[in-house]
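Below, chains carry the letters A, B, ... as their sequence lines are ordered, and counting in each starts from 1.
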Number of protein chains: 2
Amino acid sequence: MTKAIKKFRKYIDEKNLQITRQRMDIAEVFLQSGRHLSVDELYELLKEREISAGRATVFRTLKLLNESGVAGEVDLGEKTRRYEVKFGNTHHDHLVCTGCGRYIEVYSGQIEEMQEKLCAEHGFKPSSHRLDIFGLCRSCGIEKKKKGYR
Amino acid sequence: MTKAIKKFRKYIDEKNLQITRQRMDIAEVFLQSGRHLSVDELYELLKEREISAGRATVFRTLKLLNESGVAGEVDLGEKTRRYEVKFGNTHHDHLVCTGCGRYIEVYSGQIEEMQEKLCAEHGFKPSSHRLDIFGLCRSCGIEKKKKGYR
DNA sequence: ATGAAATTGAAATTCATATTCAAATGACTA
DNA sequence: TAGTCATTTGAATATGAATTTCAATTTCAT
Ligand SMILES: [Mn+2]
Ligand SMILES: [Mn+2]
Ligand SMILES: [Zn+2]
Ligand SMILES: [Zn+2]
């Protein structure tokens, strides 16, 4: 059993909830995917693997995973919410490719520092932030050139 | 007539749409407010001023204002979309106070530069970005101290 | 095993946003 | 100016993601 699953079980236990087959199945498929998944994508992924779980339960379990700190909510400006694995992953920002939809995870200690400084200048106490850069990833950029687009 | 209104009229004209009382009223109240407004907030603001406009028309006009470049969409992780005045305002990021809901507009040329660098390192061609920092503004931070919170 | 409590999931609800369509308004022509 | 056609308006309806409801099922403690 992975550490992430252990942490999830611990959280469930502390909240006096029950460790059920659905919750564990959903958590495992989510963790294995390693992707930035919407509720519906995870629901379909479970169906593919012939794991039965209702949409409502997938919603609720992702919420639990989020509360437990195992998963994190990601809002990339789409209409639907996504979740990513947070446990074992350090903080990062996203390069979002508008060509192929990939999310590239990036980090810059310098940017983080400058954000702190910027906040200090305004007497602002930061607790979290979100930096998303939208554009074209390397392969999509090349693709466009090939096709002669601008 | 302000330059922003002029630009909006020009856009409407170019699209072979009509300059109507509703469109102008909505645009003017929006521009005067200078705030980060949701559709509903603007709709209520119009009602207060006894300007009649249906919700659908407010939606549609904000969309037009956005397309014209006079307004910009702002997604601050709430369930509802907001619009801000874009015309005459340069690019900026947001410090979002989770205490009082204020949006402080900030800018750091250094952060922008580092973002460019970060993208370049990944062969990524950026076209836009979004940086929001959530936390407590100066007055909300002081408030919390007074009350003895952590 | 028994009963109380928690969980599940199909269906209903909510809420923001988008669309529909009949009536109103505006533009244009004769 | 009156007539005609096109656009706009806004109340009502539709949509779609997220949440809630509640009866049936499952789990846990005894
Ligand atoms: Mn990520
Ligand atoms: Mn702003
Ligand atoms: Zn790509
Ligand atoms: Zn504040």
Side-chain angles (χ1 to χ4, degrees), chain A residues 8-30 36-47 49-68 71-84 101, chain B residues 8-30 36-47 49-68 71-84 101:
Chain A
F8 185 46
R9 290 181 84 114
K10 187 160 171 256
Y11 177 79
I12 288 176
D13 219 53
E14 280 168 358
K15 289 267 280 187
N16 289 317
L17 303 175
Q18 296 176 189
I19 291 158
T20 63
R21 185 187 56 69
Q22 283 90 335
R23 283 178 179 157
M24 288 306 121
D25 282 356
I26 292 166
E28 259 162 37
V29 172
F30 169 70
H36 296 76
L37 290 173
S38 68
V39 173
D40 255 35
E41 284 170 356
L42 181 50
Y43 174 74
E44 293 300 331
L45 208 54
L46 287 157
K47 264 212 297 207
R49 311 227 175 138
E50 317 213 3
I51 291 168
S52 104
R55 229 173 269 264
T57 304
V58 177
F59 262 98
R60 287 188 279 233
T61 304
L62 279 170
K63 212 179 193 182
L64 282 178
L65 282 161
N66 180 55
E67 288 165 18
S68 75
E73 283 187 11
V74 195
D75 167 12
L76 290 156
E78 297 169 304
K79 55 244 141 268
T80 72
R81 180 191 299 161
R82 288 180 181 280
Y83 291 88
E84 64 179 359
Chain B
F8 185 46
R9 290 181 83 114
K10 187 161 170 255
Y11 178 78
I12 288 176
D13 217 54
E14 280 167 357
K15 290 267 279 186
N16 289 319
L17 303 176
Q18 296 177 188
I19 291 159
T20 63
R21 185 186 56 71
Q22 282 91 336
R23 282 177 179 158
M24 288 306 123
D25 282 355
I26 292 166
E28 259 161 37
V29 172
F30 168 70
H36 297 76
L37 290 173
S38 68
V39 174
D40 256 34
E41 285 171 355
L42 181 50
Y43 174 73
E44 293 301 330
L45 207 55
L46 288 157
K47 264 213 296 208
R49 311 227 175 138
E50 318 213 3
I51 292 167
S52 104
R55 229 173 270 264
T57 304
V58 177
F59 262 97
R60 287 188 281 232
T61 304
L62 279 170
K63 213 179 190 181
L64 282 177
L65 282 161
N66 180 55
E67 287 165 19
S68 75
E73 283 187 11
V74 194
D75 167 11
L76 290 155
E78 297 170 303
K79 56 246 140 267
T80 72
R81 181 190 300 160
R82 288 180 181 279
Y83 291 88
E84 65 178 359

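- For Glu67(A), the side-chain hydrogen bond (donor to acceptor under 3.5 Å, both in side chains) test picks out Tyr11(A), with sequence neighbours left out.
- Looking at heavy atoms from C-beta onward, Phe30(A) lies in side-chain contact with Leu65(A) at the 4.5 angstrom threshold.
- Separation of atoms CD (Glu78(A)) and CG (Asp75(B)) is listed at 11.0 Å; rounding is to 0.5 Å.
- The shortest side-chain heavy-atom distance between Thr80(A) and Val39(A) does not fall under the 4.5 Å cut-off.
- Applying the salt bridge (Lys or Arg N to Asp or Glu O under 4.0 Å) test between Glu41(B) and each of Arg82(B), Arg81(B), Lys47(B) identifies Arg82(B) as the sole match.
- Residue pairs satisfying the salt bridge (charged side-chain N to carboxylate O under 4.0 Å, His left out) criterion with at least one member in residues 49-61 of chain A, sequence neighbours excluded, are listed as follows: Asp40(A)-Arg55(A).
- What you find for Ile26(A) and Ala53(A) is that their closest heavy atoms are CD1-CB, 4.0 Å.
- Within residues 16-26 of chain A, the residues having any heavy atom closer than 4.0 Å to DNA chain C are, in order of number, Leu17(A), Gln18(A), Thr20(A), Gln22(A), Arg23(A).
- Within the 4.5 Å cutoff, the side chain of Thr61(B) has heavy atoms near those of the Phe8(B) side chain.
- In this structure, His36(A) and Tyr83(A) have side chains that are not in contact, with every pair of non-hydrogen atoms separated by 4.5 Å or more.
- Atoms CZ (Arg81(B)) and C1' (dC15(C)) sit 14 Å apart, rounded to a whole Å.
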Distance-only check: which donor-acceptor pairs under 3.5 Å involve side-chain atoms of residues 16-23 of chain B, not counting sequence neighbours?
{"from": "Thr20(B)", "atom 1": "OG1", "to": "Arg23(B)", "atom 2": "N", "distance (Å)": "3.2"}
{"from": "Arg21(B)", "atom 1": "NH1", "to": "Asp25(B)", "atom 2": "OD2", "distance (Å)": "3.0"}
{"from": "Arg23(B)", "atom 1": "NH1", "to": "Gln18(B)", "atom 2": "O", "distance (Å)": "2.8"}

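- Counting to the nearest Å, the C1' atom of dT8(C) and the CG atom of Leu62(A) are 16 Å from each other.
- dT17(C) atom C1' lies 17 Å from atom CG of Leu37(B), rounded to whole Å.
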List every contact pair, protein side and nucleotides 19-23 of chain C side both N or O, where the distance is under 3.5 Å.
{"from": "dT20(C)", "atom 1": "O4", "to": "Arg60(B)", "atom 2": "NH1", "distance (Å)": "3.4"}

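- On the nucleic acid side, DNA chain D has its first and last nucleotide under 4.0 Å of a heavy atom of chain B at dT7(D) to dA11(D), going 5' to 3'.
- One atom, CZ of Arg55(A), and another, P of dT13(C), lie 19 Å apart when rounded to the nearest Å.
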